2 protein chains.
Amino acid sequence: MEIREAVQRLGALAHETRLSVFRLLVRRGPLGLPAGEIAARMGISPPNASFHLAELARVGLVTAKRDGRSVIYSVDFAASLGLVDYLKENCCAEEAEPVVPLNSITRRKK
Amino acid sequence: MEIREAVQRLGALAHETRLSVFRLLVRRGPLGLPAGEIAARMGISPPNASFHLAELARVGLVTAKRDGRSVIYSVDFAASLGLVDYLKENCCAEEAEPVVPLNSITRRKK
DNA sequence: TCCATGTTTCTATTATTCTAGAAACGTTTA
DNA sequence: TAAACGTTTCTAGAATAATAGAAACATGGA
């Protein structure tokens, strides 16, 4: 995953309402939930839910499909796992290669 | 980890400069790097680096300690791992318990 | 076709975040 | 103590994100 994509997805989850929505959808699994029910469960207005769901969809963490009058949102688990893997690899690998030539950038007089 | 904390840490990483700084520090490991060298490596001004480092420190992802004139920043690996674990548990557990009583919230006429 | 339902888009407002540059602060060395 | 260095804080401005409510859009059923 590229850093831009990671930043966008992290940003999408970096909001309490959106993270809660996302967790709800994860628990729900592949079935997904209609937008209106998500709004009701979260206690937010349908426009607000739509706004946040659109952001989650924009960055690829959830997908939407219409079913009659409803729009069913569900998690894209591959994308979600991809983000977790990115963090694991880039943010917790303590024993990775050292950052090399310290003095090549800030030249300090010995 | 509580959701508030997760949101704050996700938000701290949801910025290209900060995520790059964080990755640099992860690669550097426990030794850490002084603020000025971080700024030089990232190609940003010292005040801007300080601003982003302060945010990373505020949410607990990095720690700072003074060493002479320099301030050395290094990753808090426990906190970082905690965030990754939070995501793994809450965002990828496809087979978790189902979201239960669908009709108790939005009552639809059968 | 008309109406009800579910959802999204639009508009306006407020709040937050980011950046740049100047100034201030703390530490070391002369 | 004065000067230099490394870093942070402050100030102001610009950009971005979030919320509410009204309006518009899409679908299904009478």
Side-chain angles (χ1 to χ4, degrees), chain A residues 3-4 7-22 24-25 32-59 61-74 102-103 105-110, chain B residues 3-4 7-22 24-25 32-59 61-74 102-103 105-110:
Chain A
I3 188 167
R4 293 273 166 74
V7 164
Q8 288 200 325
R9 288 179 180 174
L10 289 167
L13 296 180
H15 187 283
E16 191 162 343
T17 299
R18 279 195 301 261
L19 185 53
S20 297
V21 166
F22 185 73
L24 173 63
L25 289 177
L33 282 173
E37 180 159 345
I38 294 169
R41 281 181 189 270
M42 304 297 306
I44 59 180
S45 68
N48 197 14
S50 188
F51 172 81
H52 290 304
L53 286 166
E55 176 65 9
L56 288 170
R58 187 183 69 83
V59 305
L61 285 172
V62 308
T63 56
K65 72 172 205 293
R66 181 170 279 277
D67 173 31
R69 289 190 269 230
S70 299
V71 176
I72 309 295
Y73 283 90
S74 47
L102 245 104
N103 298 346
I105 291 173
T106 58
R107 49 250 155 278
R108 44 175 72 140
K109 45 164 185 272
K110 189 62 172 318
Chain B
I3 188 167
R4 294 271 166 75
V7 164
Q8 289 200 323
R9 290 181 178 172
L10 289 167
L13 296 180
H15 187 281
E16 191 163 342
T17 299
R18 279 195 301 261
L19 184 53
S20 299
V21 167
F22 185 73
L24 172 63
L25 290 177
L33 281 174
E37 180 157 345
I38 294 169
R41 282 179 188 271
M42 303 298 304
I44 59 180
S45 68
N48 197 13
S50 188
F51 172 82
H52 289 303
L53 286 166
E55 176 64 11
L56 288 170
R58 188 184 68 82
V59 304
L61 285 172
V62 308
T63 56
K65 72 172 202 292
R66 181 170 279 276
D67 173 31
R69 288 190 268 230
S70 300
V71 176
I72 310 294
Y73 284 90
S74 48
L102 246 105
N103 298 345
I105 291 173
T106 56
R107 49 249 153 280
R108 43 175 71 142
K109 46 168 185 268
K110 190 54 171 321

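We name chains A, B, ... by the order of the sequence lines, and we start the count at 1 in each one. Since we're looking at a predicted model, the values are computed, not measured.
The CD atom of B:Q8 sits 13 Å away from the P atom of C:dT16 (whole-angstrom rounding). Atom NE2 of B:H15 is separated from atom P of C:dT17 by 11 Å (rounded to the nearest Å). In this structure, the CZ atom of B:R18 is 9 Å from the C1' atom of C:dC18, given to the nearest Å. Taking atom CZ of residue A:F51 and atom P of nucleotide D:dA22, one finds them 19 Å apart after rounding to whole Å. As a whole-Å value, the separation of A:E55 CD from C:dT8 P is 14 Å. Taking atom CD on B:E16 and atom C1' on C:dT17, their separation rounds to 16 Å, with Å as the unit. Rounded to an integer number of Å, the gap from A:L53 CG to C:dT8 P is 7 Å. Across the protein-nucleic acid pair, A:N48 atom CG and C:dC10 atom P stand 17 Å apart, rounded to whole Å.
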Practice task
Decide yes or no on side chain to side chain contact (heavy atoms under 4.5 Å, CB included) for A:R41 and A:E37, but give the supporting numbers first.
Solution key: CA-CA 6 Å; A:R41 281 181 189 270; A:E37 180 159 345; 3.0 Å; yes
* To do: For A:V21 and A:H52, run side chain to side chain contact (heavy atoms under 4.5 Å, CB included): C-alpha distance rounded to whole Å, both residues' side-chain angles, the deciding distance at 0.1 Å, then the answer.
  => CA-CA 9 Å; A:V21 166; A:H52 290 304; 5.6 Å; no
Side chain to side chain contact (heavy atoms under 4.5 Å, CB included) evaluation trace for B:I38 with B:L25
CA-CA 9 Å; B:I38 294 169; B:L25 290 177; 3.9 Å; yes
- Query: Should A:I72 and A:T63 be marked as a side chain to side chain contact (heavy atoms under 4.5 Å, CB included) after you check the CA-CA gap, both sets of side-chain angles, and the distance that decides it?
  - Reply: CA-CA 8 Å; A:I72 309 295; A:T63 56; over 6 Å; no
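Taking the side chain of A:S70 as heavy atoms from C-beta on, and the options C:dT7, D:dT9, D:dT7, the nearest nucleotide is C:dT7.
To the nearest 0.5 Å, atoms CD1 (A:I3) and CG (B:L19) are separated by 4.0 Å. The line from CG of A:N48 to CG of A:L53 is 9.5 Å long, rounded to the nearest 0.5 Å.
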Can you name the atoms? Protein N/O to nucleotides 25-30 of chain C N/O, anything below 3.5 Å, with the distance.
| unit_1 | atom_1 | unit_2 | atom_2 | d |
| --- | --- | --- | --- | --- |
| C:dT28 | O2 | B:R69 | NH1 | 3.2 |

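Put simply, the residue from A:E55, A:R9, A:R18 that forms a side-chain contact (heavy atoms from CB on, under 4.5 Å) with A:L61 is A:R9.
In terms of phosphate contacts, B:H52 brings no side-chain nitrogen or oxygen within less than 4.0 Å of OP1 or OP2 of C:dT17. In this model, the phosphate group of C:dG6 is not approached by any side-chain N or O of A:Y73 to a distance below 4.0 Å at OP1 or OP2.
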